[in-house]
Amino acid sequence: MNEVIRECGLLPLIISLLPGIKITDKIILLQTFNSEDELFVQSKKNIEEILNRKIDDFWDISEIAEKAGRIDTVCRMRSIKWVSWTEMDYPPLLRETYDPPAVIFYRGLLPNPEKSLLGMVGTRNPSRESAEQAYKIAGNLSRLGVSVVSGLALGIDAMSHRGNLIGGAPGYAVLGNGIDEVYPAANKPLAKRILDSGGALISEYPPGVHPSKWTFPARNRIIAALSRSILIVEAPEKSGSLITAAFALEQGKDLWVASCGTELNSKFDRRGTIKLAGEGAEIINSSIDVLEKWNIETGTPVKEKVPVFGESRGELISSMASFLKIEI
């Protein structure tokens, strides 16, 4: 894709809302038009010629423009920002993927493109061993300024976020719903801590979009795109984490699995991570392994240590109890 950087008012937001066309089509339209007026005068035939394919249903551009205006107003009222594929602030690693969102919405500060992020995901119902390993790896990485990006789900995602926050690194969470809500609601305090860390909540969905069985798999490609490498901590045979793994491989990212997630003697379903390991995914034991694979020199020998939990004992017990909750 040719990188095009320009200011287009609400044009990117309007294009992102166009129904009946693929994400890649929307990027083509972003590259084609410089203003809303240019788009408004196009006929269905014109758009079909630009996209080089037929469109089943054409849109009422005035209605979509009004909707874009309402969304922009809501964003301004709720301190939500949005950035289009055409702008410099759009995450470069995400821009380079096959199907980047035309627009992303966010609260907080987007990741520094000069710093590598580790994607950490896993089951919402993990074993205690895997949950503790996720917390420990993320926590020790945060002491060295390495941030984690995950999906703010219960279980492994939440523990990865929590661990990463204790060392002062900014955290990043990609949502599978509109940026105006935190799902699950139990993780609203965690979302606030992520924002307080100098990180961000990120979504391709505008305010008002509810989570669904389609939005979560789609958001996984964004987690993979923002990450230098992906660590699947623990995953059952049928897990959304395996979708993230597939996106990572498709995008040419390193795919790793955590050692606890590959141990056989467990009552927990680890067939997903065991299968990935059997197919060649490298096994990560600690944050030291991550640093070695990224060729990061710290100047002094790195000693792995169990991080001190940032929460009070009551909050920690509540966090550990969330492991028992099953994804709806």
Side-chain angles (χ1 to χ4, degrees), residues 1-75 80-106 174-180 202-226 240 243 246-247 250-251:
M1 292 181 181
N2 295 323
E3 185 171 328
V4 182
I5 308 299
R6 55 191 175 211
E7 296 291 338
C8 301
L10 290 182
L11 176 66
L13 191 52
I14 294 169
I15 289 176
S16 75
L17 297 173
L18 295 177
I21 62 173
K22 300 180 291 186
I23 291 177
T24 48
D25 290 336
K26 294 177 181 180
I27 298 300
I28 292 173
L29 296 181
L30 280 176
Q31 292 176 297
T32 302
F33 299 113
N34 291 296
S35 71
E36 298 164 33
D37 290 341
E38 286 185 13
L39 176 63
F40 289 176
V41 298
Q42 302 301 316
S43 67
K44 180 181 178 182
K45 182 179 179 181
N46 294 149
I47 297 296
E48 288 177 337
E49 289 176 350
I50 292 170
L51 300 181
N52 195 30
R53 71 177 187 85
K54 292 290 184 179
I55 299 174
D56 293 332
D57 298 308
F58 204 51
W59 45 75
D60 185 327
I61 195 66
S62 297
E63 288 186 3
I64 294 173
E66 289 178 6
K67 182 178 179 180
R70 291 194 299 270
I71 290 174
D72 186 59
T73 298
V74 169
C75 288
I80 296 169
K81 302 172 186 176
W82 61 269
V83 61
S84 85
W85 183 89
T86 63
E87 296 178 85
M88 289 290 294
D89 289 343
Y90 193 93
L93 289 179
L94 183 56
R95 180 184 284 119
E96 293 168 5
T97 60
Y98 167 72
D99 55 351
V103 166
I104 58 170
F105 300 85
Y106 66 98
V174 183
L175 309 183
N177 52 271
I179 193 68
D180 55 328
I202 301 168
S203 177
E204 66 179 308
Y205 304 110
V209 175
H210 300 296
S212 73
K213 64 179 180 179
W214 307 113
T215 57
F216 288 110
R219 70 93 187 266
N220 290 348
R221 81 188 192 286
I222 298 178
I223 294 175
L226 294 175
I243 298 175
F247 280 125
E250 181 182 274
Q251 296 171 11

To the nearest 0.5 Å, tell me how far Ile222 CD1 sits from Leu93 CG. 13.0 Å
I'd like to know if the side chain of Thr215 reaches the main chain of Pro211, judged simply by a donor and an acceptor atom lying under 3.5 Å from each other, with no hydrogens or angles considered. no
Is Pro207 close to Cys75 at the side-chain level, that is, under 4.5 Å between some pair of heavy atoms? yes
Is any side-chain heavy atom of Ile64 closer than 4.5 Å to one of Pro19? yes
Scanning both residues in full, the closest heavy-atom pair of Pro91 with Leu226 reads CB-CD2, 3.7 Å
Please report the interatomic distance CD1(Ile28) to CD1(Ile23), rounded to the nearest 0.5 Å. 12.5 Å
Heavy-atom closest pair, residues Leu10 and Gly69: CD1-CA, 4.0 Å
Salt bridge check: are Asp25 and Arg53 linked by an N-O gap of less than 4.0 Å? yes
Taking every heavy atom of Tyr90 against every heavy atom of Val83, the minimum-distance pair comes out as N-CG2, 3.7 Å
Side-chain heavy atoms of Thr97 within contact of Phe247, under 4.5 Å: no
Atom CG of Asp56 and atom NZ of Lys44: how far apart are they, to the nearest 0.5 Å? 7.0 Å
Of all heavy-atom pairs between Ile47 and Gln42, which one has the smallest distance, and what is that distance? CD1-CB, 3.8 Å
With rounding to the nearest 0.5 angstrom, report the CZ to CD distance, Arg95 to Glu87. 9.0 Å
Under the side-chain contact (heavy atoms from CB on, under 4.5 Å) criterion, do Trp85 and Ile15 qualify, and how do the steps go? CA-CA 11 Å; Trp85 183 89; Ile15 289 176; over 6 Å; no
Pairwise distance CD1(Ile243) to CZ(Phe216) - rounded to 0.5 angstrom: 11.5 Å
Could you tell me if the side chain of Leu29 sits less than 4.5 Å from the side chain of Leu51, heavy atoms only? yes
Rounded at 0.5 Å granularity, tell me how far CD in Gln31 sits from NZ in Lys26. 15.0 Å
Ala218 and Tyr205: which non-hydrogen atoms are nearest, and at how many Å? CB-OH, 3.4 Å
Indicate yes or no: at least one non-hydrogen side-chain atom of Trp82 is less than 4.5 angstrom from one of Pro206. no
Measure across Val41 and Asn46 and return the closest heavy-atom pair with its distance rounded to 0.1 Å. O-OD1, 4.4 Å
Check whether any side-chain heavy atom of Ile14 lies under 4.5 Å from a side-chain heavy atom of Phe40, and answer yes or no. yes
Please tell me if the side chains of Ile27 and Leu30 come closer than 4.5 Å, counting only heavy atoms from C-beta onward. yes
Which residue pairs pass the salt bridge (Lys or Arg N to Asp or Glu O under 4.0 Å) test when at least one of the two sits in residues 58-75, sequence neighbours left out? Asp72-Arg76
Could you tell me whether a side-chain N or O of Arg219 sits under 3.5 Å from a main-chain N or O of Val174, the two making a donor and an acceptor? yes
Mark yes or no for whether Gln251, through its side chain, and Arg221, through its backbone, hold a donor-acceptor pair below 3.5 Å. yes
Take Val209 and Asp180 through the test side-chain contact (heavy atoms from CB on, under 4.5 Å) and record every step on the way to the result. CA-CA 9 Å; Val209 175; Asp180 55 328; over 6 Å; no
Counting C-beta onward and ignoring hydrogens, is there a side-chain heavy-atom pair between Leu11 and Ser35 closer than 4.5 Å? no
